[in-house]
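Notes to accompany the following structure.
Quick caveat, the model's predicted, so the values are computed rather than measured.
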Amino acid sequence: MAAAGRQSKMLVVGSGITGCISASMLSRAGAKVTVWEKGGGVGGRMTTHRHPNDPSSHVDMGAQYITAYNRDEYDGAFQRLRKDTFADLASNGILFPLVGTIDGERSTGDAHYVSRDGLNSVAKHYLRSAGIAPQTHHTLSQVDSRHDQALCFTASGELHEFDAVILTMPVPQVLALKGSVTISIDPAILAKLQAVTYSSRYALGLFYDRHVASTWTAKYARDSPALRFLCWDDAKRASSSSPSPTTSALLAHSSVEFGREYLETDKAQVQDMMLKAVERECPHLPAPVHSHLIRWRYSQVTSGYPTSPGVEVLSRQPLVVVTGDAFSHSNFEGCLYAAQKTTDIVLSALGMQ
């Protein structure tokens with residue numbers, strides 16, 4: 001806990017959507033928030049890759065859209081937060097409805113939303129609105145304690161002290177951390193964390209120097225052993241007011257089975273296999289002028305933390321918590337729920353409510 005009169009210093013590890021929303025909420029509550037991201041940009045599994053010579057041409061490499069689900073499974077307070085969140089993102093021009101067709105999708109009444117600047121603009125919006133500049137290429141490697149302070153070491157050897165640490169990376173990466181805090185996790189909590197599992201898959205972004213017309217915006221590749229989902233990024237962002245596109249970008253997600261079988265295979269070989277699978281699925285495509293492959297080792301939660309509490313406390317002194325979609329649901333609303341629960345727990349523990 002921060003000394004009387006001192007602003008609480010908090011570290012959020014990971015700049016995926018749970019981390020960015022948590023950082024924003026905690027900052028607005030009066031905390032001094034630092035965000036560490038091991039990669040070069042924000043968004044996590046909501047990342048967007050841009051053509052190196054044309055930033056206006058981009059493709060979402062993880063989540064393809066954000067869904068507002070047509071069901072009520074949360075309490076009234078969260079339902080209000082959910083409604084306000086979608087209204088805020090729409091009013092700020094971050095999200096707008098997806099109007100294209102998704103072949104193979106079951107009709108559920110759910111509403112899908114996309115972003116003209118790529119879905120990582122959602123994560124950027126939360127950090128920007130809270131005045132937080134994330135520190136990229138910062139990898140947390142160890143968490144120790146000194147009285148009520150968390151001693152956080154980066155992989156490069158830097159040491160920083162915080163009143164609270166919020167871990168939002170995939171659970172296996174949390175368990176790989178060194179230091180007294182993770183070593184002393186309660187055995188019952190440790191067993192639950194060790195039972196959390198994820199699927200793995202690849203994402204291939206293909207860029208074309210001319211517009212490629214298609215009868216579908218996105219589709220499930222039901223008959224391909226290598227592919228699961230395809231989406232024309234330029235088509236999903238189109239609207240009646242949009243200018244006619246002059247280029248196109250296609251996203252291909254591998255199947256879970258393909259991801260599992262070739263998880264440790266050389267990425268150049270995987271890219272070649274996926275490109276050939278795309279060509280079989282979509283004959284007569286022109287040659288791409290640029291491509292980008294991502295290996296999602298922790299793609300989607302397949303077995304989450306029991307009871308979906310939104311957050312779990314690993315240490316109370318110093319305060320260290322773990323959160324993310326593994327503790328709720330593997331979608332945007334689940335991440336929002338986890339961020340809200342995390343904020344409540346952290347503010348209460350530090351006497352800020």
Side-chain angles (χ1 to χ4, degrees), residues 16-17 43-50 57-69 95 97-108 110-115 118-120 122 198-208 212-238 248-263 265 267 270-285 288 290-302 325 329-335:
I17 196 61
R45 284 168 286 171
M46 207 175 278
T47 192
T48 303
H49 179 73
R50 302 179 193 281
S57 179
H58 48 77
V59 63
D60 291 320
M61 299 297 292
Q64 294 302 294
Y65 43 78
I66 287 176
T67 301
Y69 289 95
L95 293 183
L98 185 153
V99 295
T101 60
I102 303 176
D103 287 4
E105 182 185 47
R106 292 181 290 109
S107 178
T108 59
D110 300 332
H112 301 314
Y113 295 88
V114 295
S115 175
L119 282 180
N120 73 347
V122 179
Y198 298 77
S199 63
S200 301
R201 70 175 75 237
Y202 286 91
L204 176 64
L206 300 170
F207 293 78
Y208 303 92
V212 180
S214 175
T215 58
W216 46 269
T217 301
K219 72 172 183 177
Y220 288 91
R222 302 294 187 187
D223 300 320
S224 172
L227 304 177
R228 172 58 175 164
F229 189 78
L230 297 163
C231 182
W232 288 105
D233 205 277
D234 52 298
K236 81 177 184 183
R237 292 184 279 109
S248 287
L250 178 66
L251 179 281
H253 275 164
S254 79
S255 66
V256 170
E257 295 77 14
F258 180 92
R260 181 170 56 243
E261 182 175 356
Y262 296 104
L263 184 60
T265 302
K267 288 176 68 175
V270 170
Q271 179 163 320
D272 183 62
M273 289 189 289
M274 287 191 65
L275 182 57
K276 289 177 179 176
V278 169
E279 292 170 345
R280 287 191 294 270
E281 192 72 22
C282 307
H284 313 302
L285 283 177
H290 175 67
S291 59
H292 183 67
L293 183 78
I294 287 183
R295 176 189 286 129
W296 291 117
R297 186 174 296 274
Y298 305 109
S299 174
Q300 252 183 326
V301 179
T302 52
D325 58 348
H329 298 286
S330 200
N331 51 48
F332 176 77
E333 292 184 1
C335 293

### Task
Could you walk me through whether Arg228 and Tyr220 pass the side-chain contact (heavy atoms from CB on, under 4.5 Å) test, one step at a time?
CA-CA 6 Å; Arg228 172 58 175 164; Tyr220 288 91; 3.7 Å; yes

Note, [X] side chain near [Y] side chain (heavy atom, < 4.5 Å):
X: Thr47; Y: Trp296; answer: yes
X: Phe258; Y: Met274; answer: yes
X: Arg295; Y: Leu263; answer: yes
X: Leu275; Y: Leu206; answer: yes
X: Met46; Y: Ile66; answer: yes
X: Ile102; Y: Gln64; answer: no
X: Leu285; Y: Val278; answer: yes
X: Cys282; Y: Leu230; answer: yes

Within this structure, what is the [atom1]-[atom2] distance for the pair [X] and [Y], rounded to the nearest 0.5 Å?
X: Arg201; Y: Leu227; atom1: CZ; atom2: CG; value: 11.0 Å
X: Leu251; Y: Thr48; atom1: CG; atom2: OG1; value: 10.0 Å
X: Leu98; Y: Lys236; atom1: CG; atom2: NZ; value: 7.5 Å

#### Entry: Mutual orientation of the aromatic rings belonging to Tyr198 and Tyr298 [parallel < 30°, tilted 30-60°, perpendicular > 60°]
perpendicular

### Message
Just to verify, what does Phe207 make a ring-ring contact (aromatic ring centres under 6.0 Å, His included) with, not counting sequence neighbours?
### Response
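Partners of Phe207 by the ring-ring contact (aromatic ring centres under 6.0 Å, His included) criterion, ordered by chain and then number, come out as His49, His51, His290.
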
Closest heavy-atom contact between [X] and [Y]?
X: Leu119; Y: Asp60; result: N-OD1, 2.8 Å
X: Tyr202; Y: Thr265; result: OH-O, 3.9 Å
X: Ser248; Y: Asp234; result: OG-OD2, 3.2 Å
X: Ala235; Y: Thr217; result: C-CG2, 3.9 Å
X: His58; Y: Gly118; result: CE1-N, 3.4 Å
X: Asp325; Y: Cys335; result: CB-SG, 4.0 Å

### Query
Hey, is the main chain of Tyr69 close enough, under 3.5 Å, to the side chain of Glu333 for a donor-acceptor pair?
yes

### Donor-acceptor under 3.5 Å (Arg45 side chain, Ser299 main chain)
yes

### Query
Around atom NZ of Lys267, are there more than 12 heavy atoms of other residues, nucleotides or ligands at under 6.0 Å?
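For Lys267, atom NZ is crowded (more than 12 foreign heavy atoms under 6.0 Å).
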
### Message
Going by side-chain hydrogen bond (donor to acceptor under 3.5 Å, both in side chains), name the pairs with one or both residues in residues 252-263, residues two or more places apart or in two chains.
### Response
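For residues 252-263, and leaving out neighbouring residues, there are no side-chain hydrogen bond (donor to acceptor under 3.5 Å, both in side chains) pairs at all.
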
### Message
With salt bridge (Lys or Arg N to Asp or Glu O under 4.0 Å) as the rule and sequence neighbours excluded, what pairs involving residues 98-108 come up?
### Response
none

